[in-house]
There are 2 protein chains.
Amino acid sequence: MPRPSNKPRILEAATDLFSRKGFRATTVRDIAEAAGMVSAGLYAHIATKEDLLVEIVREAAEEFEQALAPLVALPLEPPEKLRQAVRAHLEVVTQSPARARIFLDEWQALSPPRRESVQRWRERYEAHWAAILQEGAEQGAFLVEDLALARVFVLSCLNAVNRWYRPDGRLGVEEVADRYATWLLRVLAGPVDKTNHPR
Amino acid sequence: MPRPSNKPRILEAATDLFSRKGFRATTVRDIAEAAGMVSAGLYAHIATKEDLLVEIVREAAEEFEQALAPLVALPLEPPEKLRQAVRAHLEVVTQSPARARIFLDEWQALSPPRRESVQRWRERYEAHWAAILQEGAEQGAFLVEDLALARVFVLSCLNAVNRWYRPDGRLGVEEVADRYATWLLRVLAGPVDKTNHPR
DNA sequence: CCTACCGATCGGTAGG
DNA sequence: CCTACCGATCGGTAGG
């Protein structure tokens with residue numbers, strides 16, 4: 001009978017600590033204690049503290065990827081696709097807040113060789129958003145002038161939710177997603193000129 | 001004749017290092033070297049490394065405050081006031097990027113007693129934005145349903161510019177400010193219902 | 001602002 | 001996964 005490894009406990013402890021205190025401010029002794037062992041015991045499961053951070057970032061990247069990728073291929077009207085993408089992203093951001101925070105911010109503590117692979121994961125995820133916006137622009141549903149800037153704008157708003165959202169707060173994630181989607185669709189709908197003046 | 005103190009050099013070095021590497025990853029030896037002295041020499045000017053961070057956050061808070069406060073009292077139409085506020089905020093964010101980053105993020109490395117005064121500076125600044133939005137709502141120019149959420153939304157987008165803006169990039173800060181202001185005004189203009197269907 | 005230094009703590013290893 | 005430990009580095013001080 002294989003008894004359960006404690007690796008998941010270590011990852012869980014590190015995720016919580018890295019997200020709350022930051023990678024540099026977290027010691028291997030902190031992690032070991034939270035996982036119920038002494039610091040030397042960690043090294044039966046990991047090679048370095050930095051590997052732990054990479055592994056958490058990878059988990060988080062997969063979580064974002066799996067939330068969004070299926071949606072991108074769906075045959076939806078662009079506004080509805082955007083609305084569902086906003087909801088999917090915010091669900092990850094609010095329901096795995098520690099992992100999400102590490103994917104969004106704390107990966108920057110990695111040293112250059114490992115940063116680059118993380119950067120590729122991030123670019124791959126952002127490419128899904130580019131595709132959603134591109135599709136909306138091609139179909140004439142999104143009239144925004146600068147798609148690259150619009151993508152940055154959209155993801156800025158959404159990612160920041162990770163910093164302020166609290167599960168016991170005034171708004172649930174569905175409410176935030178609905179309002180944010182509505183607002184972002186106003187941005188993407190393009191200039192509204194009720195008087196039909198030429199611009 | 002009072003010769004010029006090296007305190008400004010220390011602050012400048014610490015601002016650069018804290019913003020690039022983070023507070024925890026920056027050593028007092030790093031700062032001293034960048035300021036042209038040995039680490040013990042720092043302590044002729046400061047009491048602790050943390051004091052240095054507090055001082056930088058205070059400088060940054062003042063810079064944001066001085067950019068926005070005069071504007072808030074001006075007799076401008078709400079959309080124009082918002083546009084000018086966006087520009088003022090983004091100018092600080094892009095022209096003092098290191099200081100701004102410390103005001104926006106790195107202050108969280110402070111331990112609880114000092115964090116609280118920083119939090120008050122931040123709340124004071126955010127109150128100006130609340131006032132701008134409130135005024136627009138009262139005058140009927142901004143029709144957004146949830147002013148508190150709108151303020152978070154607006155500041156999220158604007159603050160994130162600090163993370164991606166590069167002086168040698170495709171867009172200058174004026175262009176980013178103009179487009180962002182346009183987009184945010186679409187959000188704040190409220191629902192546009194060209195067909196006059198009831199909602 | 002420098003030389004010299006300190007106690008604490010860091011990430012990680014040896015050996016079982 | 002533990003006991004025992006290591007070299008490096010940390011923020012900061014003494015004394016001038």
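Lettering of chains follows the sequences in order, A, B, ..., and the numbering in each one begins at 1.
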So, R83(A) versus T182(A): side-chain donor-acceptor pair below 3.5 Å or not?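 Side-chain D/A pair, R83(A) to T182(A): present.
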If you only use heavy atoms from C-beta on, which nucleotide in [options] is closest to the side chain of [X]?
X: T48(B); options: dG12(C), dC10(C), dG12(D); value: dG12(D)
X: A40(A); options: dC2(D), dG11(C), dC10(D); value: dC2(D)
X: V38(A); options: dC1(D), dC2(D), dG12(C); value: dC2(D)
X: V28(A); options: dC1(D), dC2(C), dG11(C); value: dG11(C)
X: N6(A); options: dC1(C), dC1(D), dG11(D); value: dC1(D)

So does E55(A) pair up with K7(A), basic N to acidic O under 4.0 Å?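 Looking at E55(A) and K7(A), the cut-off is met.
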Between [atom2] on [N] and [atom1] on [X], what's the gap in Å once rounded to a whole number?
X: Y43(A); N: dG15(C); atom1: OH; atom2: C1'; value: 17 Å
X: I46(B); N: dG11(D); atom1: CD1; atom2: P; value: 10 Å
X: L42(A); N: dA14(C); atom1: CG; atom2: P; value: 17 Å
X: K21(A); N: dT9(C); atom1: NZ; atom2: P; value: 12 Å
X: R29(A); N: dT13(C); atom1: CZ; atom2: P; value: 13 Å
X: K49(A); N: dT13(C); atom1: NZ; atom2: P; value: 14 Å
X: F18(A); N: dG11(C); atom1: CZ; atom2: C1'; value: 12 Å
X: D30(A); N: dA8(C); atom1: CG; atom2: C1'; value: 15 Å

Just do the side chain to side chain contact (heavy atoms under 4.5 Å, CB included) check on L149(A) and Y180(B) with the steps written out, would you? CA-CA 9 Å; L149(A) 190 64; Y180(B) 268 43; 3.9 Å; yes
How long is the straight-line distance from CD of E123(B) back to CZ of R120(B), given to the nearest 0.5 Å?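 Spacing of CZ (R120(B)) from CD (E123(B)) equals 8.5 Å.
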So, do Y125(B) and H89(B) have ring centers that fall under 6.0 Å from each other?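 Yes - the distance between ring centres of Y125(B) and H89(B) falls below the 6.0 Å cut-off.
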Both distances under 3.5 Å, Watson-Crick or G-U wobble: report the partner of dG16(D), or none.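 Check on dG16(D): paired to dC1(C), both distances under 3.5 Å.
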With both distances under 3.5 Å as the test, what is the Watson-Crick or G-U wobble partner of dC6(C)?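 WC or wobble partner is dG11(D).
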